[in-house]
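Let me begin by presenting the structure, written as structure tokens, before commenting on it.
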Amino acid sequence: MSFETYKVLHITGILLIFTGLAGLWGVSTFYPVQKFPSPRIPLALIHGIGMSLALVTGFGLLARLGLTESPPLWVWLKILVWFSLGMSLMLAKRRAHKWGAKLIVLWVILGSFAAWLALTKPF
């Protein structure tokens, strides 16, 4: 695949990650106990598909950049952000009604930091 195709798929994965997180946050915040069929499973699937897509295409982009031998520090930090966004699915499910908008702010900070790392490649 071309570099541009990897980038588009990577961004699509990122959009899916944040869509799943925000959806789960909304459902957990406003409907903590539901008696009707819950949209939590489809939202978790959207998040998981986005996580997989972002990871695979991220490594594809690294291969296109020739950084597979010894990845620089910014790559490891992006992997840490990716892992943090994956783990925050539990927070979206279990703590959204308690933490409220703090989770959204956390996700914006993590996403902005990852974007800054990708654009500037500081280390």
Side-chain angles (χ1 to χ4, degrees):
M1 277 191 279
S2 71
F3 186 78
E4 290 76 20
T5 304
Y6 275 117
K7 282 176 83 170
V8 168
L9 290 174
H10 191 68
I11 292 169
T12 302
I14 293 165
L15 290 171
L16 290 172
I17 291 169
F18 285 106
T19 299
L21 287 173
L24 280 168
W25 177 85
V27 168
S28 297
T29 299
F30 299 108
Y31 305 105
V33 178
Q34 296 180 358
K35 296 187 181 194
F36 54 89
S38 175
R40 293 172 197 237
I41 292 175
L43 289 169
L45 282 172
I46 288 170
H47 179 263
I49 291 167
M51 292 289 291
S52 301
L53 189 61
L55 181 69
V56 170
T57 57
F59 280 111
L61 286 167
L62 287 177
R64 287 287 182 183
L65 291 171
L67 298 174
T68 54
E69 289 293 318
S70 60
L73 179 60
W74 66 267
V75 173
W76 293 108
L77 290 173
K78 280 197 62 153
I79 291 170
L80 181 65
V81 169
W82 174 84
F83 185 74
S84 299
L85 288 171
M87 295 303 292
S88 67
L89 179 73
M90 291 185 299
L91 295 175
K93 285 181 176 180
R94 299 178 184 170
R95 300 280 183 239
H97 59 282
K98 291 182 181 177
W99 290 15
K102 293 174 191 169
L103 279 177
I104 299 291
V105 171
L106 172 69
W107 296 329
V108 169
I109 290 170
L110 285 173
S112 299
F113 180 61
W116 176 76
L117 287 171
L119 293 173
T120 62
K121 298 173 182 49
F123 327 106

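Excluded from the calculations below are hydrogen atoms, water molecules and symmetry mates; all remaining heavy atoms, backbone and side chain alike, are included.
With a 4.5 Å cut-off on side-chain heavy atoms, L53 and H10 do not count as touching. Two residues are said to be in side-chain contact when any heavy atoms from C-beta on lie closer than 4.5 Å; I79 and F59 meet this criterion. Between R40 and S28, the closest side-chain pair of non-hydrogen atoms falls below 4.5 Å.
Every residue two or more places apart in sequence or in another chain was checked for a side chain to side chain donor-acceptor pair (under 3.5 Å) with T19, and none qualifies.
Hydrophobic clustering of Ile, Leu, Val, Met, Phe, Trp and Tyr side chains at less than 4.5 Å, counting indirect connections, keeps L80 apart from M87. Transitive grouping of hydrophobic side chains (ILVMFWY, heavy atoms separated by less than 4.5 Å) brings L61 and W76 into a common cluster. Criterion: ILVMFWY side-chain heavy atoms under 4.5 Å apart, direct or through other members. Under it, L45 and L9 are not part of a common hydrophobic cluster. Under a hydrophobic-cluster definition in which Ile, Leu, Val, Met, Phe, Trp and Tyr are linked whenever side-chain heavy atoms come within less than 4.5 Å, directly or via other members, I41 and L43 are assigned to different clusters. Linking ILVMFWY residues whenever their side-chain heavy atoms come closer than 4.5 Å, directly or via other members, leaves I104 and L15 in distinct clusters.
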task: Go through the steps to decide whether I17 and W107 satisfy the test side-chain contact (heavy atoms from CB on, under 4.5 Å), and finish with yes or no.
output: CA-CA 10 Å; I17 291 169; W107 296 329; over 6 Å; no
- request: Given side-chain contact (heavy atoms from CB on, under 4.5 Å), test L103 with S88 step by step and report yes or no.
  value: CA-CA 9 Å; L103 279 177; S88 67; 5.6 Å; no
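Of all heavy-atom pairs spanning G60 and Y6, the tightest one is CA-CE2, 3.7 Å. When all heavy atoms are compared, the tightest approach of T68 to A63 is CG2-CA, 3.6 Å. Between I46 and L16, the shortest heavy-atom contact is CG2-O, 3.4 Å. Contact record, S84 with L110: CB-CD1, 4.1 Å, taken as the closest heavy-atom pair. The minimum heavy-atom distance between A114 and V81, with the atom names listed, is CB-CG1, 3.9 Å.
Remark: T57 OG1 to R64 CZ distance equals 13.0 Å, nearest 0.5 Å. Rounding to the nearest 0.5 Å gives a distance of 8.5 Å between NZ of K78 and CG of L62. Between the CE atom in M51 and the CD1 atom in I14 there is a gap of 11.0 Å [rounded to 0.5 Å]. A distance of 12.5 Å separates CZ in R94 from CH2 in W99, rounded to the nearest 0.5 Å.
When the shell of 6.0 Å around CZ of F3 is examined, it contains more than 12 heavy atoms from other residues, nucleotides or ligands. Heavy-atom neighbours of W74 CH2 from other residues, nucleotides or ligands within 6.0 Å: above the threshold of 12. Surrounding CZ of F18 are more than 12 heavy atoms belonging to other residues, nucleotides or ligands, all under 6.0 Å away.
With side-chain heavy atoms closer than 4.5 Å counting as contact, directly or through intermediates, V8 stands alone and belongs to no larger hydrophobic cluster.
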Check: residues 116-123 side-chain donor-acceptor pairs under 3.5 Å, at least two apart:
{"unit_1": "T120", "atom_1": "OG1", "unit_2": "W116", "atom_2": "O", "d": "2.7"}
{"unit_1": "K121", "atom_1": "NZ", "unit_2": "A118", "atom_2": "O", "d": "2.6"}

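Judged purely by atom type and a 3.5 angstrom limit, W25 uses its side chain to pair as donor or acceptor with the backbone of G100. In terms of modelled atom types and a separation under 3.5 Å, the side chain of H47 and the main chain of G23 share no donor-acceptor contact. For T5 (side chain) and M1 (main-chain N/O), no donor-acceptor pair under 3.5 Å exists by modelled atom type.
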